[in-house]
Amino acid sequence: MQNDITSKREVNRFVADFLTKNKRTHYCGDLRSSDAGREVILMGWAQRRRDHGGVIFVDLRDRSGIVQVVFNPDAGESVHGQAHKIRSEFVLAIKGTVRIRPEGMTNPDLKTGEIEVITSELEIMNESKTPPFSFDEEETNENIRLKYRYLDLRRPALQRNLFLRSKIAAATRNYFAENGFIEVETPFLTKSTPEGARDYLVPSRISQGSFYALPQSPQIFKQLLMVSGFDRYYQIVKCFRDEDLRADRQPEFTQIDVEMSFITEEDIMQMMEGLMAAIFKKCLGREIALPLPRLTYHDAISRYGKDNPDLRFGMELTDLTEIVKNSGFKLFQEVAASGGVIKAIKAEQAAILSRKDLDGLSDFVAVYGAKGLAWAKVNAADWTSPIYKFFQPAEVEQIAKALSAKEGDIIFFVADTPHVVNDSLGNLRLHLAKKLNLIDPEALAFTWITEFPLMEYSDSEKRFVSTHHPFTSPFLEDLPKLKSDPGKVRARAYDLVLNGSEIGGGSIRIHRKDVQAQVFAALGLSDEDARTKFGFLLDALEYGAPPHGGLAFGLDRLTMIMTHAESIRDVIAFPKTQKAACLLSDAPSPVSIEQLMELSLKIVT
RNA sequence: GGGGUCGUAGUUAAGUUGGUUAUAACGCCGGCCUGUCACGCCGGAGGGCGUGGGUUCAAGUCCCAUCGGCCCCGCCA
C-alpha cells in the first residue's frame, strides 16, 4: 500500500501503452457466431464474474451489450490470476478468440449467447468501488439513482433511450437540411418577457441591478430571423421555464423550433407531418399515414374534455343536458338552470369495477373540482344506481340511447360548469382507459388541434390573456370580435397531439403592426407597455415583415412516447428532481458573499 | 401555495394491538469448486430505523415539527 502512488502510475503508463498497441476491434454485443475463430480485442466493464475455482466467466459489457469472456486456468497463470481479482464494474481490456460455445452451453437470453471469447490477455484498466445499487431490473429509489446518475446511465434501458433521442435529433437535422432550412443559434442571455411562464433570471455584473432572462423559447428571435429573410429556420434548442415540475415537465427542456415565411397553416402542417413521418420511419421503422387527422379545439373539448385528447380509444363524452334538465333529479335541474352542463361517459362491460372502485372515482374527479360523480350500472331491465329512482323510464331510455349503453356497461355522470365537467370527465376517461386496459401501447394516434381561442379570461389577472402567445394571428374574419367578444376570437394556432400528449404547437404570427396593436389592446396592454416589453419586435414588424409562422416540438415528450418512458427523466441524461434540484451536482447551491457583492445582490430572506 | 404517498443494513423489502440482543433476500468479505450465465456450497461482517423534539417504565411502531424522493391540483403550453 505504501507504493500505491507509484504502482498507480505504473498501471496508468501500462494502460496507455496497452491502448497504443491495441485498438478495440469490436463492441461486445456485436459478436456473433459468424465471428468464430476471429481474434478480438474488447474493452468494457465487468458486469458479473462467475468464478468456478478453475474456469472463470466474466460478462463483459459495453454500450452495445454483453458477451461472455472465459478465463481458462491453462491459458497461463498470470491471466487467470488477474481474473480472480475482477470485481463488478472493473474496467477491462481483453484479447481473445471468439468461439462457438460447446454443445448445450448456449444462452438464448443473450444476443451473443451462441459464442464466447476465450481470453489470452487481460488488462485491468481500472478498478471500481462496489456500486451503491444494482443495475438489474430491480427498482432503486430515484434519489440514489440521480445522485449516481453516471452509474444509472450504465443501465441498458437508459442508454437505449438516449441513443434513440440522438437518432431523433439526427433525423430532424437531416429532414430540415433536405428541405432548405437553416439552423441558427439564438441567445440564452436575453430579455425577460412578461407573458407566459416565470423566467429564470441571470443577474448582470456589468449593469448592476439589471437581469437577463433565459429564454422560455426563441419565439421573438425566430420571428426576427423571418424579418431578416432567412425564410426557413429551425433549431434544436434548450428552453427554460421556472414553473413547477411534473412527470413530463422539466425546468429546462428541448424544443425542435421551426419558423417559415410566406406560408399558411397548411404549408406548415404538411411540412411537419413530413418531419414526423421521417422521424418515425428512421428511428422506429414505422410508417405514419398522412395527412394526420384534425380536430377543432371546440370538438376536442366537447368530445374528449381536453385539448390534448388521447385518440387511442373511444369513450367519448356525451352531453345529456337537454335530456335531464327537467328530470326529477334536482341537482341536474339546478345545474342546467344555472348555465351548467350534464355530461356522461360510458365504460363498456366494466363489471370488474367494484362498488368500492366506483366510490373511489368520486375522489378522483373531486381533484378537478367536481362535487360529485353519479354512476349507473346498466342491467337488462333497469339500472343499479343511486340516482335511478329520480328518472322516468323514458329518460332512462333516452340516456341509454344517447350513449348506446348496453347491459354490463357503466355510465358516469358529472354535472357542473362546462369547465369542471370537461376537465373531470376528460381525466376520468383517461383514468378508466388505463384501469380497464383499453389502450394499445403500440398505437400511434396523432391529431392536430386547430381553431384555438386567441385569448382566455384569466380570473387571477382579471383580464384576457393569450392562449398561445401575444403574436399569434387571429382569424381575419374574427377580427371585429376582438373588441366586442374577445373570448370568441379564433387563433390561427395549431397543436400536434400524439397519444394524449401535446408534442408540438405553433401558429401563424401577426406580421402587421396594426393588427398587433389591436391584439395588445384586447389583452389590456397599453402602447407604452407593449413598447417596453416587445418594442424591438414591434419595430421589426415595421420594416417589411413577411407573413410567417411556425411551431415548436417538445423533443423530450416526443422521445418519451417513442421510448415508452413514463417519466421525462428517463429521456434526459442529467435531469432535475421535482424541487428542480440536481442531486448529482447539488445545484442549486449558495454562492460566496464575494460573488453576490460583485453582482450587487443581497439575500433578504 | 395545497393534497397524496414513501423514507428501516450498500440495495430491495418485512417488522403483529408500542415490549427482551431489529428480520430476509440480493450485494459485500473470506474459503471451497474447471462450464456457469441471477453459478453452487460453507462461513462472516454490516443498520438502531431520514432528522429534531415530545408522550411513555418502554417507540421503527403513537404525536408534533422538519428535510428529501415520487405522483397530482394550482402554475406551466
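Fair warning: this is a prediction, and the values are worked out from it, not measured in the lab. In what follows, chains are A, B, ... by sequence order, proteins preceding strands, each numbered from 1.
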- Task: Check RNA chain B against residues 497-505 of chain A and give the residues with a non-hydrogen atom under 4.0 Å, in numerical order.
- Result: A:E502
Tell me what [X] touches on the nucleic acid: a base, only sugar-phosphate, or nothing, going by heavy atoms under 4.0 Å.
{"X": "A:D307", "value": "base"}
{"X": "A:R50", "value": "base"}
{"X": "A:R61", "value": "nothing"}
{"X": "A:D242", "value": "nothing"}
{"X": "A:P102", "value": "base"}
{"X": "A:T106", "value": "base"}
{"X": "A:G104", "value": "nothing"}

Which atom pairs link the protein and nucleotides 67-73 of chain B when you take only N or O atoms and keep those under 3.5 Å?
{"from": "B:rG69", "atom 1": "OP1", "to": "A:T577", "atom 2": "OG1", "distance (Å)": "2.8"}
{"from": "B:rC70", "atom 1": "OP1", "to": "A:Q578", "atom 2": "N", "distance (Å)": "3.4"}
{"from": "B:rC70", "atom 1": "OP2", "to": "A:Q578", "atom 2": "N", "distance (Å)": "2.8"}
{"from": "B:rC70", "atom 1": "O3'", "to": "A:R569", "atom 2": "NH2", "distance (Å)": "3.1"}
{"from": "B:rC71", "atom 1": "OP1", "to": "A:R569", "atom 2": "NH1", "distance (Å)": "3.3"}
{"from": "B:rC71", "atom 1": "OP1", "to": "A:R569", "atom 2": "NH2", "distance (Å)": "3.1"}
{"from": "B:rC71", "atom 1": "N4", "to": "A:Q578", "atom 2": "OE1", "distance (Å)": "3.3"}
{"from": "B:rC72", "atom 1": "OP2", "to": "A:A247", "atom 2": "N", "distance (Å)": "3.1"}
{"from": "B:rC73", "atom 1": "OP2", "to": "A:R246", "atom 2": "NE", "distance (Å)": "2.9"}

- For atom NE2 of A:H80, is the number of surrounding heavy atoms from other residues, nucleotides or ligands below 6.0 Å larger than 12? yes
- Message: Taking A:D35 first and then A:R38, would you say they form a salt bridge - that is, a charged N and a carboxylate O separated by under 4.0 Å?
- Response: yes
- Message: Regarding B:rG74, can its base be found pairing with the side chain of A:R198 as donor and acceptor, where the two atoms are less than 3.5 Å apart?
- Response: no
- Message: For a quick test of reading the model: is some side-chain N or O of A:H52 closer than 4.0 Å to OP1 or OP2 of B:rG35?
- Response: yes
- Has A:R48 got a side-chain N or O lying under 4.0 Å from the OP1 or OP2 atom of B:rU36? no
- Query: Considering Watson-Crick and G-U wobble pairs with both distances under 3.5 Å, what does B:rU5 pair with?
  - Reply: B:rG69
